[in-house]
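First up is the structure itself, then whatever we jot down about it.
All chains are named by letter (A, B, ...) in the order of the sequence lines, taking the proteins before the strands, and each is independently numbered beginning at 1. This one's a predicted model, so the numbers in the text were calculated from it and none came from an experiment.
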Protein chains: 2
Amino acid sequence: MRKRNPPARPQPSLPARQPTMMDVAQLAGVSMKTVSRVVNKEPNVRNEVRERVTRAATALGYQPNFSARSLAGERSFLIGYLFGDPGGDYAHRVEVSILNRCRGAGYHLLVEQLDDAAADVAERTAALVSQLRLDGVILTAPITDNAEVLRVLDEARVPYVRIAPDAESDRSPAVCIDDMRAAQELTEHVIGLGHRRIGFIKGDPKHAAARLRLRGFRRAMSAHKLEVAEQLLEQGSFSYASGLDCARRLLHRRPRPTAIIASNDDMAAAVIAVAHEMGLHVPEELSVVGFDDAPIAQVVWPALTTVRQPIPLMAEAATDMLLARLAPRGGGAWPSPMPRRELDYELKVRQSAAPLGGYRRRGAAGN
Amino acid sequence: MRKRNPPARPQPSLPARQPTMMDVAQLAGVSMKTVSRVVNKEPNVRNEVRERVTRAATALGYQPNFSARSLAGERSFLIGYLFGDPGGDYAHRVEVSILNRCRGAGYHLLVEQLDDAAADVAERTAALVSQLRLDGVILTAPITDNAEVLRVLDEARVPYVRIAPDAESDRSPAVCIDDMRAAQELTEHVIGLGHRRIGFIKGDPKHAAARLRLRGFRRAMSAHKLEVAEQLLEQGSFSYASGLDCARRLLHRRPRPTAIIASNDDMAAAVIAVAHEMGLHVPEELSVVGFDDAPIAQVVWPALTTVRQPIPLMAEAATDMLLARLAPRGGGAWPSPMPRRELDYELKVRQSAAPLGGYRRRGAAGN
DNA sequence: CCCCGCGTTGGCAGCGCTATCATACGCAGG
DNA sequence: CCTGCGTATGATAGCGCTGCCAACGCGGGG
């Protein structure tokens, strides 16, 4: 037990003990309960008292003990972030944005990486939410759609918000972009450049976004009466390595596609690398576009034409939704209908896609 | 308060309440204290009893309440991860590795991003460790050397391990590689290819590694009686953007350097981009090398010759050190002398550096 | 025979806080 | 004058668990 202070402490000097709410109460000349009210920003405290308590707390350097709060009350001031993909920078960018939002709200962030395919996802999730009594959870794909995880969260009655989940959309609040329309628009951009023979690299089918992007591609193609040759469709997994494999296969088809649409930027970058390797010039001989506007999009050469997904905004929106729900006035349930934020994407036209038979633009790679 | 159960509950059916240690104790026919011993893997419990308790706990789906544990005891089973750099994938890779190690040990991970330059680093750190009673903390550069943060951690008596800290090395355990020797070796590799006029892009001087890498470069140069022209030294900040600026300046010097050593891969990739932009062929007309073996190293073309830093191993080693210290037998203090793990780096020779006047190797970009 | 030590188990206070209820007070209306 | 009500504050009982200490049974030395 943490340095149990004896009934009468002989040393009147440095207590070497964190000040408690009791100490603040004594210094301010009020009861503990009033201090609690001030700390929790509850109403019904006179301003004069509130200030006195605040000053006492500051003077003592008082820090509320979250364990005690959580044990006595019904809030832990902890939110969890569950992500699936250990690689890539997506998960990290989301995390940083969540942190930015938690900061001001007095919440702390607990993270856990869950392998979607692992056998113990349910147990691990249960451990997290039951042991720590998380107030809420934010999920990113692909575990947004892991039935086990969602079941555990529902049973534990922990509110959660999903970023880019699958279609089962009214199970929880969600934040997303319109992946299908974005893919459609991107495809139309490529078609508009004159390309007809267009290859497509699919993403990991466990991600809803991968399926939606494929569907958007198909729609744009059929809207323009273009055939989607099955041999120009390759199954990737969102990783750079998978992009290399798919690109090699696609670029050996005859006739060769004049443009390749990849379901994310990592795979698009891999296509460019393979093109280099084969001595194919991008974009003169091959146009390549990606998706996400990940950092890699501006690093490869030529810079990738892609769809920018506003990841920080999405993560912030998700956090804000969750925090609003957790606030005392947030009520004990999600508002109806289930909140859903759909944010705008943006087509970023750079140098990796050009008109069929077009010229090479040399110059600054940035945009 | 969480559903305070009335003295006599009328409904004997679903409790809708998490089972407590008391419930387990009753089912197993022992005292709460014994359950506590089993849960905490303490000695002095008969095997038969231990198994009986374990079965009861499993049957009820018992999950220990971490808040209560932390409040009553002296351990919170929470460790904190403080990172500085919000961009890049370094922080994320470290985090994932820490998580992998925490998993088995029954610890959960709390993260916080601290801006090294912000005015409130001390407060934020204090809030984290005092409010949540973290058992330990892991730090990455550059906040490994933030005096405020370290002071707060020391005062709160929270054990911490630093990854790649500055020279003040016996203040805490640390994990690192020999950045200076690695830079020296890398520089010697470049010199060995015949280069004499070598540019160097420095990293953010707040990072110890940046300073050490520069020193290693200087050593190698002077060991080979080569002058380090100050105009071939540029100050970067580890970011891709800063790399672009530095590269532009370096490549307009006359006579132009025949090789550029960047303090990390992001900046090295930027050098390659600028070279492309200027129509300079890499590596025939310009050799470029980086540091870290970040994912970008294999994505740019030509793939970067660089020094691989074993980030996952470093993070795991740091976590293991911390967990060993926190274990009941870990004692109340760090062993003496202060533990320090220095891990091996590895020179990864790829295609971005070639003999002066050498030929271009075409072929697979990967390695 | 008793007493001590050791391995094993239980009793209980209390960690720091919040929920609930009680109290005190001022002020309007009967 | 009392009653009723709304606002401001206090008293108290735990939340679930662990640290400390006591208790118990057993075997061996005095």
How many whole angstroms separate atom CZ of Arg133(B) from atom C1' of dT18(D)? 15 Å
If you take all heavy atoms of Leu323(A) and Arg101(A), which pair is closest and at what distance? CD1-O, 3.8 Å
Expressed as a whole number of angstroms, how long is the span from Gln131(A):CD to dC17(D):P? 11 Å
With a 4.0 Å cut-off, would you call Asp320(A) and Arg341(A) a salt bridge? no
Tell me whether the NZ or CZ atom of Arg133(A) lies within the 45° cone about the ring axis of Phe66(B) and under 6.0 Å from its centre. no
Tell me: NZ of Lys33(A) to C1' of dG16(C), nearest whole Å? 13 Å
Indicate whether the side chain of Ser67(B) and that of Ser70(A) have a donor and an acceptor atom separated by less than 3.5 Å. yes
In whole angstrom, what separates Leu132(A)'s CG from dC17(D)'s C1'? 15 Å
Nearest to the side chain of Ser31(B) - dG10(C), dG10(D), dC15(C)? dG10(C)
Take Met21(A) and Met32(B), find for each the nucleotide of DNA chain C with the closest heavy atom, and name the residue whose nucleotide sits nearer the 5' end. Met32(B)
With the criterion being N/O to N/O and under 3.5 Å, what pairs connect the protein with nucleotides 21-24 of chain D, and how long is each?
none

Give one of base, sugar-phosphate or nothing for Tyr62(A), where a contact means two heavy atoms less than 4.0 Å apart. sugar-phosphate
Is the phosphate of dC17(D), meaning OP1 or OP2, less than 4.0 Å from a side-chain N or O of Ser36(B)? no
In whole angstroms, how far is the P atom of dG16(D) from the CD atom of Gln63(B)? 14 Å
Check the phosphate of dG10(D) against Thr34(A), side-chain N and O only, distance under 4.0 Å to OP1 or OP2. Yes or no? yes
At a heavy-atom distance below 4.0 Å, what parts of residues 40-55 of chain B sit against DNA chain C? Asn44(B), Val45(B), Arg46(B), Val49(B)
Give a yes or no on this: more than 12 heavy atoms of other residues, nucleotides or ligands lie within 6.0 Å of atom CE of Met338(B). yes
Starting at CG of Asn65(A) and ending at P of dT18(D), how long is that distance when rounded to a whole Å? 15 Å
Is the closest basic N to carboxylate O distance between Asp145(B) and Arg162(B) below 4.0 Å? yes
Both Ala68(B) and Gly29(A) contact DNA chain D. Taking the nearest nucleotide for each, which residue is further toward the 5' end? Gly29(A)
Under 4.0 Å: is that the gap between some side-chain N or O of Thr20(B) and OP1 or OP2 of dG16(D)? no
Separation of atom CZ in Phe66(A) from atom P in dG16(D), rounded to whole Å: 20 Å
In plain terms, say whether Arg17(A) and Asp23(A) are close enough for a salt bridge, that is, a side-chain N and a carboxylate O under 4.0 Å apart. yes
So which atom in Ser130(A) and which in Gln63(B) form the shortest heavy-atom distance, rounded to 0.1 Å? CB-CG, 3.7 Å
When rounded to whole Å, the CG to P distance for the pair Leu71(B) and dT18(D) reads 11 Å
Measure across Tyr81(A) and Glu95(A) and return the closest heavy-atom pair with its distance rounded to 0.1 Å. CE2-CB, 3.7 Å
Go through the side-chain N and O atoms of Gln131(A) and His108(B) and say whether any donor and acceptor fall under 3.5 Å apart. yes
